[in-house]
There are 2 protein chains.
Amino acid sequence: MGVTKSELFNPQQNEMAQIAKVLAHPARVAILQYISRQDACICGDLVEETGLAQATISQHLSEIKKIGLLKGNFQGKNLCYCIDKERWEAIHDLFESFFTRIGQQCC
Amino acid sequence: MGVTKSELFNPQQNEMAQIAKVLAHPARVAILQYISRQDACICGDLVEETGLAQATISQHLSEIKKIGLLKGNFQGKNLCYCIDKERWEAIHDLFESFFTRIGQQCC
DNA sequence: ATTACAAATCGTAATATTGCGATATATAAA
DNA sequence: TTTATATATCGCAATATTACGATTTGTAAT
């Protein structure tokens, strides 16, 4: 096996899990923090910053992209990433209501 | 490989990722929601509720336990789980400040 | 068009996760 | 103590994730 039985769960639960999965790696947490710290949204010194290989960083970036969190555009020959603020807020809201709802009802 | 290089990241980033990993499966999202919905904190009809095998549910519960989110005690011969509210709030705060901090600085 | 460089993708190896049947362990009742 | 039932753990197979070297693709400058 090793395959998640998504069909057993509702779309909200699957979405929640899918997004959490992106945050479930310290490199991706670090990448999001680093990008947000830069005034202008800076690109690929993430390799230097983290100590991971270029291919690995690129792979992590693509995971973050999959849930719509990254906007990238070229500035010179550098690809310049920044966080999609609207999407960030949407995901923030999703987590917020998840935590609040469970926190209220629980025990 | 297949092994996360945690030593490259700081403790906060690793903790964040570790907790997110627990939320990164729809079954565990569903389990948390189900437990919180029950008035009294109910136990193992999670098998019926989700359609996963008993061994699988037990494994998911143990993942949730690892980050301190579950308290369990026997009531009769049933093990009765509930969410540790303090821990829940702590984790809520962790995510809240993560989302807020990045949301403020970003772009 | 050629060159230089940055980032994406490919291929692959190592490890982790998911799921479940079988079994062991724990609790309450008889 | 034996029995019944609930939950945990073991062992294993299938799939997913992580990481990286090598290569390809994309962009800007020459």
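From a predicted model like this one, the values you see are computed outputs, not experimental measurements. Each chain gets a letter, A, B and so on, in the order the sequences are listed, and its residues count up from 1.
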When you measure from the side chain of [X] to the backbone of [Y], do you find a donor-acceptor pair of N or O atoms at a distance under 3.5 Å?
X: B:K85; Y: A:G103; result: yes
X: A:R87; Y: A:L70; result: no
X: B:N10; Y: B:Q13; result: yes
X: A:R28; Y: B:A17; result: no

Categorize B:A55 for me: base, sugar-phosphate, or nothing, with a 4.0 angstrom heavy-atom threshold over every strand shown.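 Result for B:A55 = base.
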
What nucleic acid atoms does B:L52 come within less than 4.0 Å of, heavy atoms only: base, sugar-phosphate, or nothing?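 Touches sugar-phosphate only.
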
Among the nucleotides D:dT18, C:dG19, C:dT17, whichever has the atom closest to the side chain of B:T4 is D:dT18

So if I take every side-chain heavy atom of A:Y81 and compare against C:dA8, D:dT18, D:dC20, which nucleotide ends up nearest? C:dA8

Are B:V3 and A:V29 in one and the same hydrophobic cluster, where Ile, Leu, Val, Met, Phe, Trp and Tyr link if side-chain heavy atoms are under 4.5 Å apart?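 Cluster IDs for B:V3 and A:V29 differ.
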
Along DNA chain D (nearest heavy atom to each residue), the more 5'-positioned of B:I57 and A:Q54: B:I57

Nearest nucleotide by nearest heavy atom, which residue falls closer to the 5' end of DNA chain D, A:V3 or B:S62?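 Taking each residue's closest nucleotide, the earlier one in sequence belongs to B:S62.
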
Nearest-angstrom distance from the residue atom [atom1] of [X] to [atom2] of [N]:
X: B:H25; N: C:dG19; atom1: NE2; atom2: C1'; result: 9 Å
X: A:L23; N: D:dT18; atom1: CG; atom2: P; result: 12 Å
X: A:E63; N: D:dT17; atom1: CD; atom2: P; result: 7 Å
X: B:Q18; N: C:dT17; atom1: CD; atom2: C1'; result: 15 Å
X: B:E48; N: D:dT7; atom1: CD; atom2: P; result: 12 Å
X: A:L79; N: C:dA7; atom1: CG; atom2: C1'; result: 7 Å
X: A:L61; N: C:dT9; atom1: CG; atom2: C1'; result: 14 Å
X: B:Q59; N: C:dC20; atom1: CD; atom2: C1'; result: 9 Å

Starting at CG of B:L23, measure out to CD1 of B:I67 and round the result to the nearest 0.5 Å.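 Output value for this atom pair is 6.0 Å.
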
If the plane angle is over 60° it's perpendicular, under 30° parallel, otherwise tilted; pick one for B:F99 and A:H92. parallel

Phosphate OP1/OP2 of [N]: any [X] side-chain N/O under 4.0 Å:
X: A:K65; N: C:dA8; result: yes
X: A:K5; N: C:dC20; result: yes
X: A:K21; N: D:dA16; result: no
X: A:S58; N: C:dA8; result: yes
X: B:T56; N: C:dC20; result: yes
X: A:H60; N: D:dT17; result: no

Any side-chain heavy atom of B:K66 within less than 4.5 Å of one from B:E63? yes

Tabulate atom names and distances for all N/O pairs under 3.5 angstrom spanning the protein and nucleotides 26-30 of chain C.
none

